[in-house]
Structure formats: structure tokens, C-alpha cells
Amino acid sequence: METEPGVDLQQPLAPETPPLPHSASGEVATEQDLSELAPPARPARHWTPRRVVVTPAALDEAHGQRIVARVESLGIEVERLRSNRLTGVRGETERETYARAKSTLAVVVSPPSRRRLQPISPSADWRVDLAEGCPAHCQYCYLAGSLSGPPVTRVYADLDGILANLAEYVGTGEVTSRSAYRSDEGTTFEASCYSDPLALDHLTGSWQRAVEHFGAWDAPVQLRWTTKFADVDPFVPMAHHGRTRVRFSVNSLPVTRRWEGGTSTLEQRLAAVRRLALAGYPVGLTIAPIMPLEGWRDHYGELLDLVARAVDGVPDLDLTAELITHRFTAASKAVLTGWYPRTTLEMDEARRAVKRGKFGTTKHVYPKDVMAELWRWFETELATRLPGCRVLYWT
Ligand code: SF4
């Protein structure tokens, strides 16, 4: 009898080629809900994986043991694997495999290749991965085309080694360190390329430890991550010393309503922005993926006004914006239409221009005139509606 090959948990889920930091947002608040924006945020939903496994090597790591203890304290059983191979993930159909993988959390040791950090332009000097995979269901998720195999979320047990490894990168980097405009950020480390930190941190505590690490690291460095979740309670009292910038991935209400499943509401995220800003964190908006849907000027105008209300009166506000337009690749389109066969998301090559990346990838982006119009609008409206907000990049 043929046995299921299983999923090799030591194989990286994603290739070396870095995508943009992930982007997303969630269910939607009404205008009335949003009028109640004030700390503390309503509790965000917490992901409860159906299955949690740990590899033998991960159990040898102190942080692996901490994750297991944390997960078990939540009443979730943890399966101790005898090897790095995980079986029982593949279903009869692609949908079934997707559903099983998306509800599975694997505690593993990071692949050795991950210790050689890669630049992550235009976001940060270096990309540092604390996990790969995400339990949310955004129908445009750029990760879809980057990940190989069933999308089991992997969290890294060797966190202490991952963080210790960063010291040798201080003062290096070609993205923010070499930019006159952004060099005040120091050497930057982006920790949300292949995952969503706040979707997982209640199970791992990894990003809390990373914030602590950077808080205690008296050097010109900055940790950066972006999220579509809102459970910031544990982060509010932390000694971050301004060396972590948390950005919230936000979008117009029609985009969040239609295509962002399983994330925190826009209301929750905006309340979380406020709470972290009041706690002295540098904060940011990742407005992504920007889509020129019908009435987009009104919808994005509404979003910027909601943000303005959320940060109103915050002393010494340090707010940035990163603007990323929607794009897709042949691979991401194939995966996403397999996962979400009834999606209404526009992924029509005929309506797009082709952009060739330096890793040989071909992306389908909006045509030049559409991009120019979008950028002109955002540049003007951000300056008008959020005058204190610094735009870091547009792409
Ligand atoms: Fe993808 Fe998760 Fe980000 Fe949504 S929240 S875009 S599913 S990584």
C-alpha cells in the first residue's frame, strides 16, 4: 500500500525570493462602531488551531518548550512528532488539503538558510522570519504564490538563536541604512514577510520576545512588522524603547468587506493603532493592496479620515505609511483561484501591465496611467488628511 509522503517540516514553506511584507485587513465596522474608537480595543479573535505538532528538534529548544507550554495552557493538545515529517494533511481535494493545512500549527526549527538574512526592499534592510504561514484567508494574499506545499503554519522554536544572529547585521543593509530619507530608522529588520505576527503571538510569544530584545538592544536598530490583527494588550506595557515600529495593514471598506477573511475588524485595528501610539510606539499604516474599485477615491478618503480620528490627539505621534498596489503573478493567481474558486477579485492579465522583477518573476500590476493617478491621489490626500504621516514608499 502506498503511504502518504507527508509534509517535510524542515523544508522552508517559502522560497528565498522575498515578497513584499504581507498585507491585509478584516471584517468591517460600521460608521457607528467606529465612532466608539477608544482604548482599550474590543478583544480580537484568537486563532485556535485544530492541530498542533512539534518536531523533536523544536522540543530541544528553550523557545520550543515555551511555545508548547503556552499552547497547552490554552487547553490545546500538542502532538509530539517522531520526525520532521507531518502526515495526515493531504485531503481528497485541494480544498480539503487547504482547510486542514490552514488549521494546523507546526512548531519547528528554522531551516539553516534562514540565518543568512535577505534584503527586503523597499521595506527594510533585512528580513527576519519568526514564522511562515498564516491562518487568515485573504483572497489576494501575496504569500499564496510564494509558498510551496500545503500551507501549514510553521513557527520557529529556535527564536533565541534567530535574534542573537541579528547583531552581525548592525550597520549593514542597502535599503533604509543607505537612504538619506530613512537612515534615522537605523538598521531595520522586517519580521512579517511570510506571516502575520498578531495572528500567532498569543500561541508563540515570539514577537513579544523580539520586541523585548530590540527594547534592550541599545543600538541604532529597528524591528518592523505589519499585521491585520489587533490583540496588542501584551505589547502595551513593554519596554520597547521606540525600537519597534508596528504597522497595521488597512484598506478601503469594500476591500476589507469582500476579500479579507478571518482577520480583526478595521475598527479593532484602528483602535490598536491608537493604543500602541499612546504607548509610545512608532506606528504605521500598510495600505495594501490598493485597488481602484469603483468609487475608490471616496472609499480611501473614508479610510484616511478614520485613521485621522484614531490617532487624533496622540502626543508625539510617529506615523508612517507604506503604499502597495495590488499585483499578482501566474503562480499566485493559480493558487488563489484554487483556494477561493468563487472569488470576485479581479486578476485579469488583459487589464494589467507586466512588471519584471529582479528575481526573474513576472508580476501583473496596474497600467502606468492608473498607477500615476492612484499615487497622485494618495500623495495629495495623505498630506491633507494626515499631515503628520510620513510616506515611506509607494509601489
Ligand atoms: Fe496573507 Fe495572512 Fe496577511 Fe491575509 S493576514 S494577507 S492571509 S499573510
Side-chain angles (χ1 to χ4, degrees), residues 12-15 18-28 44-49 95 98-99 101-105 120 123 127-156 190-204 206-207 224-232 246-252 255-266 268-269 272-273 284-291 322-329 331-333 335-340 343 345 347 363 395:
L13 189 55
L20 289 166
H22 91 101
S23 54
S25 316
E27 287 166 11
V28 169
R45 65 173 71 182
H46 275 161
W47 180 47
T48 304
R95 287 287 311 157
Y98 168 80
K102 272 281 194 177
S103 56
T104 301
L105 178 75
I120 176 71
S123 171
R127 170 187 127 211
V128 55
D129 298 321
L130 312 187
E132 288 182 83
C134 171
H137 305 275
C138 302
Q139 294 181 28
Y140 52 71
C141 181
Y142 195 70
L143 291 183
S146 311
L147 308 181
S148 58
V152 171
T153 297
R154 294 140 158 91
V155 294
Y156 294 149
E190 170 68 56
S192 53
C193 289
Y194 285 126
S195 191
D196 187 305
L198 295 190
L200 302 173
D201 202 67
H202 63 290
L203 299 167
T204 67
S206 301
W207 284 271
R224 298 161 51 71
W225 39 271
T226 189
T227 182
K228 283 189 177 80
F229 289 77
D231 181 11
V232 295
V246 181
R247 298 105 79 211
F248 288 83
S249 176
V250 293
N251 217 315
S252 70
V255 174
T256 64
R257 272 189 189 123
R258 287 174 207 170
W259 298 306
E260 297 176 343
T263 59
S264 293
T265 66
L266 181 61
Q268 289 168 332
R269 274 174 275 159
V273 173
L285 308 170
T286 308
I287 306 182
I290 294 170
M291 298 182 199
E322 292 155 68
L323 308 171
I324 304 172
T325 52
H326 182 248
R327 69 261 336 267
F328 62 91
T329 62
S332 69
K333 179 177 174 177
V335 173
L336 289 170
T337 48
W339 287 352
Y340 310 109
T343 188
L345 184 69
M347 286 188 280
K363 294 173 190 172
T395 183

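Just so it is clear, the structure is predicted and the values come from calculations on it, not from any experiment. As the structure lists them, so they are numbered: ligands from 1, and atoms in each ligand from 1.
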Any N, O or S atom of Cys138 closer than 2.8 Å to atom 4 (Fe) of ligand 1: yes

Straight-line distance of Glu260 CD to His137 NE2, nearest 0.5 Å: 13.0 Å

Distance filter under 4.0 Å to Leu143 heavy atoms, resulting ligand 1 atoms: 8 (S)

Whether His46 and His202 hold their rings parallel, tilted or perpendicular, with breakpoints at 30° and 60°: parallel

Under 4.0 Å to a heavy atom of Ala136 - the qualifying atoms of ligand 1, by number: 2 (Fe), 5 (S), 7 (S)

Residue Cys134 vicinity, atoms of ligand 1 by number, heavy atom under 4.0 Å: 2 (Fe), 5 (S), 7 (S), 8 (S)

Presence of salt bridge, Arg224 and Glu190, under 4.0 angstrom: yes

Given Thr263, Thr153, Thr227, the one that forms side-chain hydrogen bond (donor to acceptor under 3.5 Å, both in side chains) with Asp196: Thr227

